[in-house]
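To start, the structure under review is shown below, and the notes come after it.
Start at 1 and go down the list; that is how both ligands and their atoms are numbered. Position 1 is the first residue of the sequence; numbering continues from there.
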Amino acid sequence: MEKLPFRVGVGYDIHRTAEGDGIWLGGMRVAVPFSLVGQSDADVLLHAATDAILGALGDCDIGHYFPPQAEENRNRSSADFVRFAVAQMEKAGYTLANLDCNIICEEPRIAPLREKLRQSLATLLRVSPARISIKGRSHEGLDAIGERRAIACQVVVLLMAAAGNPS
Ligand SMILES: [Zn+2]
């Protein structure tokens with residue numbers, strides 16, 4: 001990988017909803033009258049964040065390192081995926097400049113969760129919450145997301161070369 005001063009990455013993920021009483025979002029349990037379907041804990045925000053970091057590093061994607069069909073990834077906490085991506089980032093000599101995201105869903109409403117989500121993501125990514133931006137978007141009743149059959153998430157990250165790192 002070419003050691004540039006900055007590297008940008010984008011991540012996207014979508015999960016189907018199903019019957020249930022809550023979801024994992026940004027490493028937090030959120031009470032909603034449905035669940036999300038996935039082999040792991042289906043944390044759409046953490047999956048998109050993991051892919052954004054790996055993408056910035058030019059380093060494959062989440063499915064390469066954690067195949068969804070692998071038994072050890074069944075019901076696995078997505079915090080593991082983020083921690084792996086952060087370790088890859090640090091090994092490559094980068095730190096997270098900032099992360100921005102859109103959580104696209106009709107429910108839950110993101111605004112009341114924003115500060116907790118920021119804190120949760122900042123803890124997992126080992127940065128100040130000031131570097132994390134959380135935005136919620138309704139899909140205005142349109143398509144699968146608008147019909148509450150899915151939740152999607154977009155994440156952009158900017159990585160910067162850590163000062164004095166020789167790698
Ligand atoms: Zn996912």
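- For Gln119 and Lys116, the side-chain atoms include no donor-acceptor pair closer than 3.5 Å.
- Distances from the Zn ion (ligand 1) under 2.8 Å pick out these protein N/O/S atoms: Asp13 OD2, His15 NE2, His47 ND1.
- With hydrogens and angles left out, the side-chain atoms of Ser78 and Asp41 include a donor and acceptor closer than 3.5 Å.
- For the pair Ile134 and Ile110, the tightest heavy-atom approach, listed with the atom from each and the gap, is CG2-CG2, 3.7 Å.
- Checking each of Phe66, Tyr12, Phe81 against His47 for a ring-ring contact (aromatic ring centres under 6.0 Å, His included) leaves exactly one that passes, namely Phe81.
- Using a 4.5 Å heavy-atom cutoff, the side chains of Val37 and His15 are not in contact.
- Closest approach of Cys101 and Val155 over heavy atoms only: CB-CG2, 3.7 Å.
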